[in-house]
Peer 1: 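Just passing along the structure, written as structure tokens.
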Amino acid sequence: MQQRNLPGDYSRRNRTIDRLTTATAILMSVYHFVSAQKLLVFSDIHVAIHICFALVIVFLQKMKLDDRRHPVENSLLAALALASVGVTIFIAANYEAFKTSMGQNPPGKVLSGAILLAVLMIGTYLTWGKTIPIIVLIALAYGYFGPYMPGFLYHGGLSLDRVITYSTTNFTGVFGMLGTISANTIVLFSIFAGLMQAFGALDAIMNVAMAASGKVRSGAAQVAVLSSGLVGSVTGSVAANISMTGAVSIPLMKKRGYPPEFAGACEAAASTGGAILPPVMNAAAFIIASWTSTPYIKIALIGVAPALLYYFGISLSIYIKAIKLGDKKNEDDALPHFKKAFLEFVIYIIPLIVLVVFLVKMYSPQVSLFYAILALLLVGLIQQVRGSGLAGCVRGFVRKTLDGLAIGSKSMAMIAVVMAIMGVVVQILTATGLPSKISQFVITLAGDNLFLLALFVAITCLIFGMGMPAAPAYILAALLGAPALTAFGVPLLAAHFFVFYYGELSAVTPPVAIGALVASGLAKGDFMKTSLISMRLAVCGFAIPFMFIFRPEILLMGTLWEFVWSILMVMVFAFACVIFFENFFLEKLILPERIGAAAAAFCCIWPHFAFDFVGLALIALVVASHLCRHRRAARAQGAEGPAA
């Protein structure tokens with residue numbers, strides 16, 4: 001008789017798998033931390049080791065023993081993890097031979113490349129679903145079937161062995177720019193974020209946001225804005241950001257009387273903004289820096305003003321909504337004390353200051369992050385010393401450090417896998433010349449109209465971003481959309497920021513809107529309503545990219561006066577849009593005021609200096625008319641009170 005496994009056996013074995021996963025993640029973090037100072041192997045082998053670690057972690061995390069899963073599934077996952085290690089060792093052992101055989105494709109080179117490609121595809125499918133693997137398969141098929149393609153899609157075609165080696169063992173594709181950025185920079189930021197979480201920085205951020213909520217009207221909803229911005233600027237992940245901050249902010253908003261859909265929309269829009277707020281910018285900052293040959297610190301600095309304007313628009317919309325709903329200051333005694341919460345939070349700013357200082361001094365992101373992590377470890381040690389004796393301090397510090405290293409690499413594993421596989425798409429499309437062909441096609445379609453061209457590119461970016469993580473969405477958009485804009489004369493950085501923003505905004509754009517989907521689930525609200533409200537809250541995000549093209553001064557590409565004027569126009573646009581969509585300022589708008597607000601918004605965003613003054617004049621008239629009406633109504637109400 002076959003003996004059945006008892007639940008206790010499954011529990012013990014699952015704990016063993018968890019420990020093995022954690023140990024692998026810690027080892028990955030330690031390896032990358034050491035490599036930040038000095039690479040221990042050739043750079044291509046370093047990328048291979050990075051991908052190997054990521055794949056092993058992905059496959060181990062998917063292993064689970066219970067009665068509902070067939071043992072063969074876990075055996076296959078274990079085999080895939082072993083295959084990842086085996087193929088990495090084989091490629092490393094034959095590195096010199098593969099590098100010197102660029103014009104030839106011996107069987108070992110093709111077979112190892114095919115195995116690496118297969119395990120990466122499976123790892124991507126397990127972590128991100130079927131969309132990205134389908135895109136990769138389409139790219140590979142396009143590379144092979146080029147001679148049979150119609151019109152401008154035609155190309156000479158690549159043989160099967162060339163498709164495989166171009167993607168892998170020629171040390172392009174998987175090992176190209178995206179894989180290198182992932183292995184050298186993004187992984188260190190992930191470790192940094194993991195340590196921040198383990199040492200309590202994210203909790204401190206939430207406490208500050210909660211304490212600040214009692215200081216202003218609409219404070220309950222502003223928790224989502226402040227916490228999502230601060231947390232998202234470190235994590236860079238929209239879905240993870242919503243899960244972390246939304247668990248606190250959404251119930252708080254609902255308790256204060258905000259509809260579930262509005263509460264979810266606030267969180268979705270604010271968390272989407274976390275991915276465009278420096279320093280991380282959802283890994284895109286590093287990719288933009290590499291693609292445009294611009295120092296990372298410059299990308300981060302350029303990104304600050306547009307991101308803050310995005311949050312200004314959301315915050316203003318929430319404030320007007322609070323007035324409309326009659327929400328007052330939150331005087332709950334259970335809220336954290338602001339001074340205490342801020343003092344607990346401020347120590348975590350030290351590692352960020354260290355990071356910025358090293359970047360400003362033009363050290364590489366790797367070196368800067370190395371010292372920022374050291375500073376964070378010192379901050380974590382100080383926090384432990386303040387809370388316990390020597391033995392407890394050491395134990396607590398070591399435990400939290402290991403937890404942080406594990407969190408960082410477990411989060412990084414998903415990113416590393418998708419960055420590597422997207423490198424295949426970049427390599428195949430570049431080798432076939434498709435991006436330049438699409439650029440020419442779109443330019444021909446738009447004629448001489450830059451606005452129409454930008455609109456086509458924006459729609460394309462939103463489509464590419466549907467259901468995809470932000471980094472791959474940006475990569476596809478930058479590959480196929482940015483060249484069309486630059487060919488039209490748009491500055492390189494402006495073009496890349498344009499496609500980056502629209503790739504990110506797909507998180508709140510129907511029909512997929514992954515950010516709105518997660519937030520509506522937490523809020524228990526209707527998904528489509530949540531998505532449409534989040535788009536309305538994020539209206540600045542949809543307008544600002546056009547400012548990048550028509551007013552590049554907002555990206556520090558002009559004089560100080562031009563920069564300030566561009567900021568002013570966006571702020572007036574945001575105010576006009578908010579009162580138009582809410583149909584409310586201090587009270588409900590009358591029809592001429594609403595029409596005036598819409599016209600003012602249009603004038604402020606239209607790229608012509610004369611229209612700026614028309615927009616300012618219109619919004620001034622709207623505000624003056626509204627204030628007069630509001631004061632008359634208040635006086636009339638006051639006169640009725642004594643008479644009554």
Side-chain angles (χ1 to χ4, degrees), residues 276 302-310 312-313 316-317 442-462 481-482 484-502 505 535-536 538-581 585 589 592-626:
I276 61 174
I302 285 172
V304 170
L308 292 180
L309 286 169
Y310 175 87
F312 169 78
L316 182 63
S317 187
V442 174
I443 289 170
T444 303
L445 200 63
D448 294 328
N449 193 321
L450 179 56
F451 177 79
L452 194 59
L453 173 64
L455 192 61
F456 287 156
V457 172
I459 293 168
T460 304
C461 293
L462 291 173
L485 293 172
T486 54
F488 216 93
V490 175
L492 183 62
L493 277 176
H496 277 269
F497 265 87
F498 182 92
V499 298
F500 166 53
Y501 264 61
Y502 271 102
L505 288 167
M535 283 184 69
R536 194 178 75 202
V539 65
C540 271
F542 289 95
I544 288 171
F546 283 89
M547 300 286 276
F548 297 157
I549 292 176
F550 295 107
R551 295 180 191 262
E553 300 83 15
I554 202 170
L555 294 174
L556 304 179
M557 297 181 187
T559 64
L560 178 61
W561 159 248
E562 290 171 328
F563 172 73
V564 171
W565 186 258
S566 298
I567 298 288
L568 175 64
M569 288 301 101
V570 175
M571 293 176 75
V572 174
F573 167 82
F575 174 72
C577 275
V578 167
I579 64 173
F580 169 77
F581 284 124
F585 179 23
L589 301 183
E593 290 172 349
R594 198 173 189 195
I595 293 172
F602 173 79
C603 289
C604 288
I605 206 68
W606 192 255
H608 197 289
F609 203 57
F611 277 91
D612 293 349
F613 291 100
V614 175
L616 289 173
L618 281 172
I619 201 65
L621 285 171
V622 169
V623 171
S625 166
H626 192 81

Peer 1: Check for me whether the distance between the ring centres of Tyr501 and Phe542 falls short of 6.0 Å.
Peer 2: no
Peer 1: State which residues pass side-chain contact (heavy atoms from CB on, under 4.5 Å) with Ile595; sequence neighbours excluded, sorted by chain then number.
Peer 2: Leu591
Peer 1: Can you tell me how far apart CZ (Phe611) and CE (Met569) are? Round to the nearest 0.5 Å.
Peer 2: 13.5 Å
Peer 1: Can you label the angle between the Phe497 ring and the Phe500 ring as parallel, tilted or perpendicular, going by 30° and 60°?
Peer 2: perpendicular
Peer 1: Tell me, do Pro306 and Phe548 make a side-chain contact under 4.5 Å, heavy atoms counted?
Peer 2: yes
Peer 1: Closest heavy-atom contact between Ala446 and Leu452?
Peer 2: O-CD2, 4.0 Å
Peer 1: What class does the angle between the rings of Phe451 and Trp606 fall in, given that below 30° is parallel, 30 to 60° is tilted and above 60° is perpendicular?
Peer 2: tilted
Peer 1: Report yes if the side chains of Ile579 and Ile619 come closer than 4.5 Å at any heavy-atom pair, otherwise no.
Peer 2: yes
Peer 1: Which heavy-atom pair separates Ala601 from Cys577 by the least distance, and what is that distance?
Peer 2: CB-SG, 3.9 Å
Peer 1: Would you compute the distance between atom CG of Leu568 and atom CG of Asp612 and round it to the nearest 0.5 angstrom?
Peer 2: 8.5 Å
Peer 1: Could you tell me which non-hydrogen atom of Leu589 sits nearest to which non-hydrogen atom of Arg594, and how far apart they are?
Peer 2: CD1-CA, 4.0 Å
Peer 1: If you define the side chain from C-beta out and look only at heavy atoms, does anything of Phe575 sit under 4.5 Å from Phe312?
Peer 2: no
Peer 1: Could you walk me through whether Val578 and Arg536 pass the side chain to side chain contact (heavy atoms under 4.5 Å, CB included) check?
Peer 2: CA-CA 8 Å; Val578 167; Arg536 194 178 75 202; over 6 Å; no
Peer 1: Indicate the atoms forming the closest heavy-atom contact of Glu562 with Glu553, along with that distance.
Peer 2: CB-CG, 3.3 Å
Peer 1: Could you check whether any side-chain heavy atom of Phe456 comes within less than 4.5 Å of a side-chain heavy atom of Asn449, counting everything from C-beta outward?
Peer 2: no
Peer 1: What's the spacing between Ile554 CD1 and Ile302 CD1 if we round to 0.5 Å?
Peer 2: 12.0 Å
Peer 1: Looking only at non-hydrogen atoms, find the nearest pair between Ala454 and Ile549 and report the distance.
Peer 2: CB-CD1, 3.7 Å
Peer 1: Evaluate the criterion side chain to side chain contact (heavy atoms under 4.5 Å, CB included) for residue pair Tyr310 and Leu505; output intermediate values, then yes/no.
Peer 2: CA-CA 11 Å; Tyr310 175 87; Leu505 288 167; 4.2 Å; yes
Peer 1: Measuring from Met571:CE to Leu316:CG, what's the distance to the nearest 0.5 Å?
Peer 2: 8.5 Å
Peer 1: What is the ring orientation for Phe609 with Phe613, classed by angle as parallel under 30°, tilted 30 to 60°, or perpendicular over 60°?
Peer 2: perpendicular
Peer 1: Side-chain contact, heavy-atom cut-off 4.5 Å: Ile605 with Met547?
Peer 2: yes
Peer 1: How many angstroms lie between atom CG of Leu621 and atom CD of Glu593, to the nearest 0.5 angstrom?
Peer 2: 10.5 Å
Peer 1: Do Leu450 and Val490 come close enough that some side-chain heavy atom pair is under 4.5 Å?
Peer 2: yes
Peer 1: Could you measure the distance from the CG atom of Leu453 to the OG1 atom of Thr444? Nearest 0.5 Å is fine.
Peer 2: 10.5 Å
Peer 1: Are any non-hydrogen side-chain atoms of Met557 and Leu493 less than 4.5 angstrom apart?
Peer 2: yes
Peer 1: Does Val442 reach the side chain of Thr460, with side-chain heavy atoms less than 4.5 Å apart?
Peer 2: no
Peer 1: If I compare all heavy atoms of Ile276 with all of Ala307, which pair ends up nearest, and what's the gap?
Peer 2: O-CB, 3.6 Å
